[in-house]
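Below: the structure, in structure tokens.
Residue indices begin at 1 and follow the sequence shown.
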Amino acid sequence: MRRDIYLFSNGRLMRKDNTLYIVSEDGIKRAVPVEQVENVHLFGQIDLNSALFNFSGQKEVMLHFYNYYGFYTGSFYPREHSVSGIVTVKQSDHYLRKEKRLFLAKCFVQSASFHMLRTCRKRGIHGYESVQIITELSKNIRDAKDVQQTMGIEGMIRQHYYRALNELIPEEFTFAERTKRPPRDPFNALISFGNTMMYTSVLSEIYKTQLNPTISYLHEPSQKRFSLCLDLAEIFKPLLVDPLLITLVNKKKITSKHFENHDGMVYLNEMGRKIVIAAFDERLQQTIRHRKLKRNVSYWYLIRLECYKLIKHVIGDTPYIPLKAWW
């Protein structure tokens with residue numbers, strides 16, 4: 001099984017024969033067989049050359065880059081091998097036709113709100129006022145007249161959801177509002193980092209399918225991002241990321257010592273990132289019994305299944321029904 005590798009230290013990533021070598025600043029070289037690598041996440045200052053990029057492209061290994069503060073900056077996206085003009089045309093058609101786009105946008109928000117309520121229910125706060133408001137707002141999704149209105153409802157749901165999360169985390173992590181650019185407190189920094197890892201995970205799975213990651217339905221397509229990743233990540237953030245972060249702070253695996261504050265911008269330090277990544281990676285490897293496939297599938301594969309469902313929908317095979325965790 002191929003896996004992700006994460007490079008935090010400075011050094012060099014290079015190709016020699018058919019193997020990737022990680023060379024640290026003090027010259028220590030470590031080999032990583034490329035057949036075992038799915039993605040490489042580069043957090044440190046890593047030197048790369050064109051031979052490495054060519055090799056990564058040939059072996060379909062994606063390289064994800066993060067800046068000094070751990071924020072995602074971009075990816076090396078190898079030449080696509082799973083291409084389909086028909087899927088791209090159909091994807092575009094579902095974006096251009098208002099009703100078709102609205103249907104998919106609502107699906108993503110309905111799944112996201114379902115998983116937010118699931119997290120609250122499983123943590124025993126389903127009777128709280130914020131959660132009750134989320135329940136009522138969720139009923140309005142189906143009546144939204146356009147994507148903008150759908151996003152407005154999603155924004156209100158998420159606002160109350162973050163208030164509810166304050167009931168689930170230690171007092172030292174409570175936060176007044178969601179702040180992203182930049183995060184202003186430790187839990188916002190955790191959410192931002194967790195969402196970043198979710199985004200790159202979705203991108204990696206989309207790459208293995210025939211979907212075009214730039215054609216989206218809830219979020220507006222943009223030249224600067226893979227907006228379909230944002231759409232699909234909405235489904236998985238409250239299912240995978242938020243419960244993980246809640247557990248990490250309650251079990252004190254993440255504490256105040258794992259954050260740094262630079263002029264009001266709060267971010268995870270290297271040790272904090274390593275803890276979150278290890279827990280996130282472990283979470284993605286966990287399996288559940290799939291009631292339709294009749295076999296165990298990992299959370300990683302659930303993401304790809306969502307891509308396949310979307311493809312079947314746009315080509316007119318099977319109507320898209322978004323994931324709603326049944327376990």
Side-chain angles (χ1 to χ4, degrees), residues 1-4 34-35 37-40 53-65 72 74-112 147 150 197-237 284 290 292-295 297-324:
M1 182 177 178
R2 299 174 76 183
R3 61 189 177 90
D4 287 16
V34 71
E35 288 76 15
V37 180
E38 187 85 52
N39 299 284
V40 181
F53 283 107
N54 286 329
F55 190 48
S56 299
Q58 177 188 342
K59 297 297 182 180
E60 300 179 42
V61 175
M62 293 184 71
L63 308 175
H64 302 294
F65 298 88
Y72 173 77
S75 297
F76 169 68
Y77 191 82
R79 180 178 66 83
E80 294 190 69
H81 293 264
S82 300
V83 295
S84 169
I86 291 295
V87 171
T88 301
V89 169
K90 295 293 185 183
Q91 252 190 280
S92 303
D93 181 60
H94 278 68
Y95 169 77
L96 293 169
R97 294 177 185 268
K98 178 182 175 182
E99 291 303 318
K100 289 183 175 182
R101 181 184 174 185
L102 181 59
F103 171 81
L104 289 172
K106 288 181 179 180
C107 284
F108 297 133
V109 177
Q110 285 167 337
S111 177
V147 173
T150 306
M197 299 314 299
M198 191 74 253
Y199 176 90
T200 55
S201 299
V202 171
L203 176 60
S204 299
E205 293 307 300
I206 287 178
Y207 175 72
K208 297 166 189 167
T209 74
Q210 298 166 328
L211 286 173
N212 185 319
T214 65
I215 304 172
S216 55
Y217 306 98
L218 179 63
H219 296 84
E220 201 62 45
S222 165
Q223 294 180 336
K224 298 180 181 179
R225 60 186 183 179
F226 295 119
S227 46
L228 186 60
C229 299
L230 300 175
D231 284 2
L232 290 171
E234 292 293 339
I235 295 173
F236 293 97
K237 288 188 296 186
L284 288 176
H290 198 284
K292 289 186 177 178
L293 299 180
K294 308 295 183 186
R295 62 181 173 87
V297 299
S298 67
Y299 285 105
W300 262 119
Y301 195 65
L302 277 180
I303 300 171
R304 199 179 320 165
L305 284 178
E306 215 59 21
C307 298
Y308 290 151
K309 286 159 56 179
L310 196 53
I311 290 173
K312 287 186 174 183
H313 175 82
V314 298
I315 65 174
D317 186 349
T318 307
Y320 179 63
I321 300 175
L323 175 69
K324 291 185 178 178

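Considering all non-hydrogen atoms of both residues, Met62 and Ser204 come closest at SD-CA, 3.8 Å. Closest approach of Ser216 and Tyr95 over heavy atoms only: O-CD1, 3.2 Å. Between Leu284 and Ser298, the closest heavy-atom pair is O-CB, 3.5 Å. Taking all atoms of both residues into account, the shortest heavy-atom contact from Tyr72 to Ser75 is OH-OG, 2.6 Å.
The CZ atom of Phe236 sits 10.5 Å away from the OG atom of Ser201 when rounded to the nearest 0.5 Å. Taking CD1 of Ile235 as the start and CD of Gln110 as the end, the distance is 10.5 Å to the nearest 0.5 Å. Taking CG of Leu293 as the reference point, atom OH of Tyr301 lies at 7.0 Å (rounded to 0.5 Å). The structure places CG of Leu323 at 12.0 Å from SG of Cys107, a figure rounded to the nearest 0.5 Å. Within the model, atoms CG of Leu211 and CG of Leu232 stand 7.5 Å from one another, a figure rounded to the nearest 0.5 Å. Taking CZ of Phe108 as the reference point, atom CG of Leu230 lies at 11.0 Å (rounded to 0.5 Å).
Side chains of Thr214 and Pro221 form no contact here, defined as non-hydrogen atoms less than 4.5 Å apart. Counting heavy atoms from C-beta on, the side chains of Lys208 and Cys307 never come closer than 4.5 Å. Contact of the Val109 side chain with the Glu234 side chain is not registered, since no non-hydrogen atoms from C-beta on lie closer than 4.5 Å. Residues Tyr207 and Asn39 have side chains not in contact (no heavy-atom distance under 4.5 Å, counting atoms from C-beta outward). Put simply, the side chain of Tyr199 does not reach to within 4.5 Å of the side chain of Lys237, judged on heavy atoms. The closest side-chain heavy-atom distance from Ile215 to Tyr217 is below 4.5 Å. In this structure, the side chains of Asp4 and His64 stay at 4.5 Å or more apart for every pair of heavy atoms. Two residues are said to be in side-chain contact when any heavy atoms from C-beta on lie closer than 4.5 Å; Val202 and Met198 meet this criterion.
Residues satisfying the side chain to side chain donor-acceptor pair (under 3.5 Å) criterion with Ser111, sequence neighbours excluded, are absent altogether. Among residues two or more places apart in sequence or in another chain, the side chain to side chain donor-acceptor pair (under 3.5 Å) test is passed with Arg2 by none. Remark: Ser84 engages no residue in a side chain to side chain donor-acceptor pair (under 3.5 Å) (not counting sequence neighbours).
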Worked verdict on Val297 versus Leu302 for side chain to side chain contact (heavy atoms under 4.5 Å, CB included): CA-CA 7 Å; Val297 299; Leu302 277 180; 4.1 Å; yes
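Residue pairs that meet the salt bridge (Lys or Arg N to Asp or Glu O under 4.0 Å) test with at least one member in residues 209-221, sequence neighbours left out, are Arg101-Glu220.
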Contacts table for residues 310-322: side-chain donor-acceptor under 3.5 angstrom, sequence neighbours left out:
| from | atom 1 | to | atom 2 | distance (Å) |
| --- | --- | --- | --- | --- |
| His313 | ND1 | Tyr320 | N | 2.9 |
| Tyr320 | OH | Glu306 | OE2 | 2.7 |

Side-chain donor/acceptor pairs under 3.5 Å, residues 53-61, sequence neighbours excluded:
| from | atom 1 | to | atom 2 | distance (Å) |
| --- | --- | --- | --- | --- |
| Asn54 | ND2 | Ser50 | O | 3.3 |
| Ser56 | OG | Leu52 | O | 3.0 |

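A donor-acceptor distance shorter than 3.5 angstrom exists from the side chain of Asp231 to the backbone of Leu218, with no hydrogens or angles considered.
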